[in-house]
Amino acid sequence: MVFEPFEDFGDVQTIAARLGDRDPAVRRLAVIALAGTASPDAVGPLLSAAVDDDAGVRVQAAQALGEFDGPEVAAGLARLLTQPEAEVARAAAASLAELKAPLAGEPLLPLATHPAPFVRAAILRALRGLRLPEALAPARAALADPEPEVRLQAIGIIAYLKREDALPALIAAARDPDAEVRAVAIGALAFTRQEAAAAAIAEALGDADWRVRAAAAETLGRAGLASAAPALAAALGDTFWQVRQKALRSLGALKARNAVGAIAPLLGHEIAIVRKEAAAALGEIADPATLAALDAHSDDPDPEVRKTVRWALTRLAA
């Protein structure tokens, strides 16, 4: 079949009429064209396409609805999210994450307890971006969900809202059975200076999973917890370079002068990115006692390391 081009891509009614064509390919093209108009008038036709008999049209509708916003769009995407075709549900989940209007949260909140884990996770992910206070209660409840992905998305909501009264739930999540959940929960604690949170982050430096240790090393710096400098200096001996890298960055951010003796030897580390982070940390701290160590590595074989060492030397000279 030869497809005739649409006469007017800005005419929503003209394009929408193609949604009644017998050929699914024509209907899919109509959905694409409707999204291209960027007109609010296209939402109604797109919602009609979201109940098309053809799964391919519904996928296209789910993708197109991601260009719009509001409660009607959210409700339509939520219906698509619960459909049996995996490709339709995935497209709806991706578009739900693009919602920005707070009013879009109203039709989503009831689905936070949907029987399907995929739906629960997608709904929580969408609610995270909307930053709705009403989402805090379902997020807290979801921290007890049997599915790690759901718990991850719940932590995202709590982290975005930055509510001190949710700290006990986040601290508990920092000891979750799943390592990825623990790492994300540790990162979410960066917004607070409360001692209980600081203790939980520091405790995570001894976690069995290196990803959690790396998250803890990074979060201590982001949270500005200067008292954690000794623990971070100890983490420079971690067996995973990723943990050393994060610890170096945090020690630099904290300007931990007492740690320069532990940092300077890493200028000779076998991994270039660790050498670079060591130089950057020493540059941030700017302790004159490290001048000789930095100068000795000003001709490092790696260009990025050399540049960072020389920048650090300028900091000491300032």
Side-chain angles (χ1 to χ4, degrees), residues 94 97 152 156 159-160 174 179-191 193 198 201-318:
L152 278 173
Y160 267 56
E180 188 176 0
V181 174
R182 293 199 302 276
V184 172
I186 288 296
L189 289 169
F191 76 90
R193 301 292 186 276
I201 303 168
E203 177 187 325
L205 283 174
D207 196 276
D209 192 289
W210 72 266
R211 294 170 298 174
V212 181
R213 300 197 301 274
E218 179 178 24
T219 304
L220 288 168
R222 286 171 51 214
L225 297 171
S227 61
L232 285 166
L236 296 180
D238 196 279
T239 53
F240 280 77
W241 67 264
Q242 295 92 334
V243 180
R244 295 185 181 193
Q245 177 195 12
K246 299 297 185 184
L248 286 165
R249 189 168 297 176
S250 288
L251 286 167
L254 295 172
K255 303 192 183 305
R257 181 164 294 199
N258 290 339
V260 296
I263 297 170
L266 292 177
L267 290 169
H269 196 275
E270 61 185 17
I271 298 175
I273 194 169
V274 176
R275 301 198 302 273
K276 177 183 175 182
E277 290 292 350
L282 292 175
E284 291 290 348
I285 297 167
D287 186 340
T290 63
L291 177 61
L294 284 164
D295 191 56
H297 292 86
S298 59
D299 291 324
D300 189 279
D302 186 278
E304 288 298 316
V305 179
R306 285 199 304 274
K307 182 168 69 174
T308 307
V309 168
R310 291 168 185 175
W311 167 82
L313 286 168
T314 64
R315 290 269 298 168
L316 268 66

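Note that the numbering runs from 1 along the sequence shown for the chain.
Between Thr219 and the options Leu225, Ile201, Leu205, a side-chain contact (heavy atoms from CB on, under 4.5 Å) holds for only Ile201. Paired with Asp238 under the rule side chain to side chain donor-acceptor pair (under 3.5 Å), one option of Arg244, Arg213, Lys246, Gln245 passes, and it is Arg213. Among the candidates Ile285, Leu232, Thr290, the single residue satisfying the side-chain contact (heavy atoms from CB on, under 4.5 Å) test with Ile263 is Ile285.
In this structure, Lys276 contributes its side chain and Thr308 its backbone to no donor-acceptor pair below 3.5 Å. Side-chain N or O atoms of Thr314 include one that pairs as donor or acceptor with a backbone N or O of Trp311 at under 3.5 Å. Within the 3.5 Å criterion, the main-chain N or O of Ala223 finds a donor-acceptor partner in the side chain of Arg193. A side-chain donor-acceptor contact under 3.5 Å links Ser250 to the backbone of Ala217. No donor-acceptor pair closer than 3.5 Å links the side chain of Arg257 to the backbone N or O of Asp287. The main-chain N or O of Ala190 is never found under 3.5 Å from a side-chain atom of Arg222 such that the two would form a donor-acceptor pair.
Taking CG of Leu248 as the start and NE2 of His269 as the end, the distance is 9.0 Å to the nearest 0.5 Å. Here Leu267 contributes atom CG and Asp295 contributes atom CG; the two are 11.5 Å apart, rounded to the nearest 0.5 Å. Distance check: Glu203 CD to Ile186 CD1 gives 8.0 Å after rounding to the nearest 0.5 Å. Atom CG of Leu254 sits about 8.0 Å away from atom CG of Leu220, to the nearest 0.5 Å. One distance of note links CD1 of Ile271 with CD of Glu277; it measures 12.0 Å at 0.5 Å rounding.
Shown here for Ser298 and Val309, the closest heavy-atom pair between the two residues is CA-CG1, 3.7 Å. Considering all non-hydrogen atoms of both residues, Leu316 and Leu282 come closest at CD1-O, 4.2 Å. The shortest heavy-atom contact between Ala293 and Ala264 is CB-CB, 4.2 Å. A pairwise comparison of heavy atoms in Ala174 and Ala185 identifies N-CB, 3.6 Å as the closest pair.
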Full working for side chain to side chain contact (heavy atoms under 4.5 Å, CB included) between Leu251 and Val260
CA-CA 9 Å; Leu251 286 167; Val260 296; over 6 Å; no
Decide yes or no on salt bridge (charged side-chain N to carboxylate O under 4.0 Å, His left out) for Asp299 and Arg310, but give the supporting numbers first.
CA-CA 9 Å; Asp299 291 324; Arg310 291 168 185 175; 3.2 Å; yes
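For residues 231-259, every residue pair satisfying the ring pair (Phe, Tyr, Trp, His ring centres under 6.0 Å) rule, not counting sequence neighbours, is listed here: Trp210-Phe240. Contacts classified as side chain to side chain donor-acceptor pair (under 3.5 Å) and involving residues 258-267 (residues at least two apart or in different chains) are not found.
The pair Arg275-Asp302 fails the salt-bridge criterion, with no side-chain N (NZ, NE, NH1 or NH2) lying under 4.0 Å from an Asp/Glu carboxylate O. We find that Glu180 and Arg211 are not joined by a salt bridge, their nearest charged nitrogen and carboxylate oxygen being 4.0 Å or further apart.
By the 6.0 Å contact criterion, NZ on Lys255 is enclosed, its count of non-hydrogen atoms from other residues, nucleotides or ligands being greater than 12.
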